[in-house]
Amino acid sequence: MPELPDVEMFRDYFNATALHQKVAKVSVSDDRVLEDTSARKLARSLKGKEFSSTRRYGKNLLADVEGSCVLRLHFGMTGNLKYYKDEDEDEELEHVRVLVDFENSYKLAYICQRMLGNVSVEESVEDFVRRKELGPDAMEISADELAEKLAGTRQSVKAFFMDQEKIAGLGNIYTDEVLFQCGIHPGKSCAKLDEKEAKELHKTIHRVVDYAVKHRADPRKFGGNYLLPRRGEGEPCPRCGGKIKKMKVSGRSAYFCPKCQKK
DNA sequence: GGTAATGTTAGACT
DNA sequence: TAGTCTAACATTAC
């Protein structure tokens, strides 16, 4: 799930639930999800405080703790949030790794089945971005800066968009959609993109992300001209009806239409 | 049993 | 140096 549009969903959910609630207790049931932060530090940073606002940077959700520090959540491939009062027999709660209890007796669970996500307490968002050497956020980067970055590398355009140090927020799924919408082959070298293509990519990132957020980041709800609902080998291309192909790029599966997406 | 899955990263290789 | 590939992390589903 968790690429940029999915993290926006988590942010909405967090804002509607845990925001402005006073933290009573923090428990970590598996500290492998903690990154550069001890369970003690996490508890000490949150206890007695409340989350005053949230932001998103790339695939990270950041919650400000009353101006003192920032709680950072990354969801890996299988991360999730759940706010609840009573433990029911919910299967979702099987993989809770961090649990925040609030004074209103509700709890916020950070769920991470495959442990590929991580949680930390940061001094500031800027600090975190610097430490991880993240590129500009995909929705914040200017058209000119994107064009400049693209021109500066010969790597494949698919690898570029998945590389969080180049541009932060897009992953395997949404990169496929953006490239499909632009009619660009995933294996095309960034340096070979012309000005028009670079501009088109910038515009399309915004269009695809806005569209995804509007549809609750659920590709099943996407309309007929989108690739994601039919992202599978041999599926019909939404544009030409030809067969969608699969290829490996940067160790991940890229799905594309060989007729509509050219090098 | 084998493989792939929305992510990231270290190390090997060209 | 730049870029690609593989394995590893942990778990589930087909």
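Side chains included, hydrogens not; waters and symmetry mates left out as well; all remaining heavy atoms used. In what follows, chains are A, B, ... by sequence order, proteins preceding strands, each numbered from 1. What you see is a predicted model, and the numbers here were worked out from it, not measured in a lab.
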Any residue meeting side chain to side chain donor-acceptor pair (under 3.5 Å) with [X], in chain and number order, not counting sequence neighbours:
X        : answer
A:Asn225 : none
A:Asp218 : A:Arg220
A:Asp36  : A:Arg131

(message) Which residues end up grouped with A:Phe256 if you chain together Ile, Leu, Val, Met, Phe, Trp and Tyr wherever their side-chain heavy atoms are less than 4.5 Å apart?
(response)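 Same cluster as A:Phe256: A:Met247, A:Val249.
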(request) Heavy atoms under 4.0 Å is the rule here; annotate nucleotides 7-14 of chain C 5' to 3' with B where the base is hit, S where only the sugar-phosphate is, and - elsewhere. (result) --BBBS--
Contacts table for residues 196-209 of chain A: side-chain donor-acceptor under 3.5 angstrom, sequence neighbours left out:
| residue | atom | partner | partner atom | Å |
| --- | --- | --- | --- | --- |
| A:Glu197 | OE1 | A:Lys188 | NZ | 3.3 |
| A:Glu197 | OE1 | A:Asp194 | N | 2.9 |
| A:Glu197 | OE2 | A:Lys188 | NZ | 3.2 |
| A:His202 | NE2 | A:Ile141 | O | 2.9 |
| A:His202 | NE2 | A:Ala143 | N | 3.3 |
| A:Thr204 | OG1 | A:Glu200 | O | 2.6 |
| A:Arg207 | NH1 | A:Gln181 | OE1 | 3.4 |
| A:Arg207 | NH2 | A:Gln181 | OE1 | 3.3 |

(request) Step through the shown structure and confirm whether more than 12 heavy atoms of other residues, nucleotides or ligands are within 6.0 Å of OH on A:Tyr106. (result)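 For A:Tyr106, atom OH is not crowded (no more than 12 foreign heavy atoms under 6.0 Å).
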(request) If a pair satisfies side chain to side chain donor-acceptor pair (under 3.5 Å) and one of its residues is in residues 56-74 of chain A, list it, with sequence neighbours excluded. (result)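 Of all non-adjacent pairs touching residues 56-74 of chain A, those that pass side chain to side chain donor-acceptor pair (under 3.5 Å) are A:Glu8-A:Arg56, A:Glu35-A:Arg72, A:Ser53-A:Asp64, A:Arg55-A:Asp64, A:Arg56-A:Asp137, A:Asn60-A:Arg72, A:Arg72-A:Asn118, A:Arg72-A:Ser120.
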(request) Name all pairs fulfilling the side chain to side chain donor-acceptor pair (under 3.5 Å) condition that reach into residues 251-263 of chain A, sequence neighbours left out, sorted by first residue then second. (result)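 Qualifying pairs: none.
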(request) Can you spot which of A:Leu179, A:Val178, A:Asp163 makes a side chain to side chain contact (heavy atoms under 4.5 Å, CB included) with A:Lys158? (result) A:Leu179
(request) Could you identify which residues of residues 243-256 of chain A place a heavy atom less than 4.0 Å from some atom of DNA chain C, listed by residue number, or say none? (result)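 Heavy-atom contacts with DNA chain C come from A:Ser250, A:Gly251.
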(request) Output the residues of residues 148-161 of chain A in contact with DNA chain C, where contact means a heavy atom of the residue under 4.0 Å from an atom of the strand; sort by number or write none. (result)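 Listed by number, they are A:Thr153, A:Arg154, A:Gln155, A:Ser156.
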(request) Pull out every stem in DNA chain C, meaning runs of 3 or more consecutive Watson-Crick or G-U wobble pairs with both distances under 3.5 Å. (result) B:2-5 with C:11-14, B:7-14 with C:2-9
(request) Give the ring-plane orientation class for A:Tyr211 versus A:Tyr226, where under 30° counts as parallel, over 60° as perpendicular and anything between as tilted. (result) parallel
N/O contacts under 3.5 Å, protein versus nucleotides 11-13 of chain B?
none

